[in-house]
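Down below is the structure, laid out as structure tokens.
The residues of the chain are indexed from 1 along the displayed sequence. Fair warning: this is a prediction, and the values are worked out from it, not measured in the lab.
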Amino acid sequence: MSQFDVKDKMDALVKELNQHTYNYYVLAMPTIADYEFDKKLEELHKLELENPQFADPNSPTQKVGGDITKTFTTVKHRWPMLSLGNTYNEQDLRDFDERVRKAIGDNFEYVCELKFDGLSISLTYEDARLIRAVTRGDGSKGDDVTTNVKTINNIPHKLDHAGVPGIFEIRGEIFMHRAAFERLNKEREELGEVPYANPRNFAAGTVKMQDSKEVAKRPLDCFLYSLNTDKNYFKNHWESLQNLKQWGFNVCEHTQVSDGIDDVLSFIKHWENARFKLSYDIDGIVIKVNSYAQQQELGFTAKSPRWAISYKYKAQEVETILERVTYQVGRTGAVTPVANLKPVQLAGTTVKRATLHNANEIERLDLHIGDSVFVEKGGEIIPKIINVNLDKRDEGASRVIYPSLCPECGSKLIRKEGEVAFYCPNDEGCPPQIVGKIQHFISRKAMNIDGLGDETIETFYQKGLVRHISDLYILHKKADQLKTLERFGERSIENMLAGIELSKQMPFEKVLFGLGIRYVGETVARKLAIGTKNIDNLMKSSLEELTAIDEIGQRIAESIIEYFGKPEHLDQIDRLKSYGLQFEVSEIEIALQSDKLTGKTFVISGVFENYSREELRELIESNGGKILSGISAKLNYLLAGDNMGPSKLDKAKKLNVPLISEGDLLEMLK
Ligand code: IVH
């Protein structure tokens, strides 16, 4: 390479890596695998060492990473939040061990921890109270996200342990469990919103939200893994982790002390496969020298400690052939491309399909049929295509072209301004949309109709028994036809019809959610129901009136107006009304919105018979009460269900906090 080429290459790497860093830390939407990123970073670092005259002060090798978003207050970290050096193989790790031994001799221990794949957070406690939560940002200053972090259940707001230092900082990782990610991401897709690529991005996106009420609805979790204090309270890291647990912090149980690198390597080997059984994602193992005195002796480089390193698991990746791309039409009409692959083994399962999200993703990958593609499986259940092996592309290969017509009904697809998804507008005539809408209507969170399931709806549609939600309410007239269906005994027909009849009692907000209006999720439906009181008011509402309702923005309001602008929908609502469904908020529901609990604090714990914990939280909050995360002498009520932890119960008794049942709560609201 000529000197010019070297400089060009270095400049290009700086530009590319800085863009990836921005995508990762600021947009929380990475477009490159970590492993590839690190390889490129290493290549740049090597070029900089060989050609220091071309080194750019803006190079990502010179800074930790992150960036700060504009909308939060920026806070300087008292102790900089450094990053960790990465290793990918046994030799790198043995080299690290060699460096440590050279510096401090052979007499030391390591602590091995899981490397949680989330976003790091710094929590400051003063007089046993959480006073600040700050993101890593650029390592020296980050965003103050205290209000959002306070919604995370297992981060204590107040500590009751007598031995905690007056002021200290604790660090950890905020993350989202995979199951919650899958569920919430699916809901996003159904509402026509851009799905997040993985749980880490979802967690990062959530912590940076402006509205902490929204944050509270998304289940985040947090593991704590390090303590910073002005003087050393403990002699080593392990001891401080044990104490953090005592103080009430969530410390991961899969942590061990190792007396040598071989033991560390077996920990790493164990978790290489065992990690898939965890309910959350990890992307490696962190190895830390245990003794604080020895950590001090080892010290830091500009970017990371010399006493710790991470071992990163390679995201499990295989190369296979893209056989074709198919398109799925969801209930809202969003058309999602799916890559159909030559079956291949990956992380213990056979992979045949990979998600392509939307038309932009096809374009980004410049996909051609027959391409040899790299498929990666992170934590998510559905693998994704990372990139294409261009060396193997056939000359005549044809480019994948996103269709302009709906693959199911042939309607011309539309894309709204500012949205990434294409939609089929034929919501009344496109089969998967019709079936999807009825399936949504009967689902647990909407009308919760017993005795009916997704497959049954599919069969009913095929047999011409239902075409609209309202057809469910005349199924009783078709009992003879139902009896002729396979696997449909008299008993199950009775059950189903009883379930449908019972659903007529479901409150207005559930009916409204069940209609499946785009962008009208559960919470929005509730706000609309309460804000307009009945469907007639809702249908008459102008854009201004709608956006005046709490949490209803322009996009939702437009979607509602568009929905009620279609005569078919009005006809449906008339029919549902005539069958006796609820289209107005009942007196009881209005009564449930009160300030009866204002000034009262609650902790909810255990499992309840009639309501989920989330429902109880909403009930308390909509009546002015406040939910606290931990039990203290100031707590007014412990709302106790079954299987509550004995330590919580003991503590409540000791502090004389009254225990109440869900029945007691309803009594209070009468
Ligand atoms: S200790 C000096 N322990 O990994 C850095 N970090 O690549 C001390 N991480 O920014 C960090 N799990 O966000 C530590 N058990 C763990 C971790 C962990 C995940 C993250 C953390 C850090 C990044 C460094």
Side-chain angles (χ1 to χ4, degrees), residues 123 125-131 133 146-164 170 212-213 215-222 224 243-251 507 509 522-523 526 530 586-670:
L123 308 175
Y125 284 79
E126 211 173 296
D127 297 331
R129 282 178 194 282
L130 172 65
I131 57 156
T146 313
T147 329
N148 286 350
V149 165
K150 278 190 168 171
T151 68
I152 302 176
N153 270 334
N154 65 13
I155 295 185
H157 294 192
K158 180 161 175 354
L159 306 169
D160 286 317
H161 198 277
V164 302
I170 179 166
S212 48
K213 277 209 261 78
V215 179
K217 282 184 219 143
R218 300 179 174 189
L220 295 176
D221 207 334
C222 182
L224 285 314
N243 277 278
L244 291 183
K245 264 189 224 170
Q246 301 286 319
W247 297 354
F249 290 106
N250 189 29
V251 174
E509 63 178 67
E522 264 184 299
T523 318
R526 186 170 317 126
I530 291 167
S586 68
E587 302 257 306
I588 300 171
E589 285 170 84
I590 294 172
L592 284 181
Q593 301 288 316
S594 77
D595 53 7
K596 286 192 175 132
L597 304 179
T598 302
K600 298 273 182 286
T601 55
F602 295 79
V603 163
I604 309 175
S605 183
V607 182
F608 297 85
E609 209 178 312
N610 299 313
Y611 296 95
S612 71
R613 284 223 287 266
E614 196 38 46
E615 283 168 333
L616 290 168
R617 167 196 276 272
E618 273 170 22
L619 194 59
I620 291 171
E621 288 180 343
S622 59
N623 287 283
K626 218 178 143 194
I627 307 291
L628 301 183
S629 59
I631 297 170
S632 69
K634 287 199 194 117
L635 178 69
N636 294 117
Y637 300 104
L638 172 62
L639 181 51
D642 291 338
N643 298 333
M644 222 186 101
S647 63
K648 265 196 185 153
L649 217 59
D650 277 357
K651 199 165 174 187
K653 282 189 185 143
K654 240 188 244 161
L655 297 169
N656 279 331
V657 174
L659 256 63
I660 58 165
S661 66
E662 51 185 336
D664 296 334
L665 177 72
L666 295 182
E667 271 303 305
M668 287 162 90
L669 292 171
K670 260 191 182 165

d(Ile131 CD1, Glu126 CD) to nearest 0.5 Å is 4.0 Å

When you measure from the side chain of Arg613 to the backbone of Ser605, do you find a donor-acceptor pair of N or O atoms at a distance under 3.5 Å?
no

Which pair of heavy atoms, one from Ile631 and one from Lys648, lies closest together, and at what distance?
CD1-O, 3.5 Å

From Lys634 atom NZ to Thr601 atom OG1, the distance as rounded to the nearest 0.5 Å
10.0 Å

Side chain of Lys600, backbone of Gly625: donor and acceptor closer than 3.5 Å?
no

Indicate yes or no: at least one non-hydrogen side-chain atom of Tyr125 is less than 4.5 angstrom from one of Leu159.
yes

Please test Leu666 against Leu619 for side-chain contact (heavy atoms from CB on, under 4.5 Å), starting from the C-alpha separation and ending with a verdict.
CA-CA 9 Å; Leu666 295 182; Leu619 194 59; 3.7 Å; yes

A side-chain contact here means heavy atoms from C-beta on lying under 4.5 Å apart; do Leu597 and Met668 qualify?
yes

Return the CE to CD1 distance between Met644 and Ile604, rounded to the nearest 0.5 Å.
12.0 Å

Exercise: identify the closest heavy-atom pair between Leu123 and Ala133:
CD2-CB, 3.7 Å

Does Lys626, at its NZ atom, have more than 12 non-hydrogen atoms belonging to other residues, nucleotides or ligands within less than 6.0 Å?
no

Measure the CG-CG distance between Leu639 and Leu616 for me, rounded to the nearest 0.5 Å.
5.5 Å

Do the side chain of His157 and the main chain of Leu628 share a donor and acceptor less than 3.5 angstrom apart?
no

Roughly how far, to the nearest 0.5 Å, is the CG atom of Leu244 from the CG atom of Leu224?
6.5 Å

Just wondering, do Pro156 and Leu130 contact through their side chains at under 4.5 Å, heavy atoms?
no

Check the angle between the aromatic planes of Trp247 and His161 and answer parallel, tilted or perpendicular using the 30° and 60° thresholds.
tilted

Stepwise side-chain contact (heavy atoms from CB on, under 4.5 Å) check, Asn250 with Cys222
CA-CA 7 Å; Asn250 189 29; Cys222 182; 5.7 Å; no

Side-chain heavy atoms of Tyr637 within contact of Leu665, under 4.5 Å:
no

Heavy-atom closest pair (Asn148 atom, Thr151 atom, distance to 0.1 Å) is O-OG1, 2.6 Å

Pairs of donor and acceptor atoms involving the side chains of residues 655-662, under 3.5 Å and at least two apart or interchain, shall be tabulated with distances.
residue : atom : partner : partner atom : Å
Ser661  : OG   : Gly663  : N            : 3.3
Ser661  : OG   : Asp664  : N            : 3.1
Ser661  : OG   : Asp664  : OD2          : 3.2
Glu662  : OE1  : Asn610  : N            : 3.4
Glu662  : OE1  : Tyr611  : N            : 3.3
Glu662  : OE2  : Glu609  : N            : 2.9
Glu662  : OE2  : Asn610  : N            : 3.0

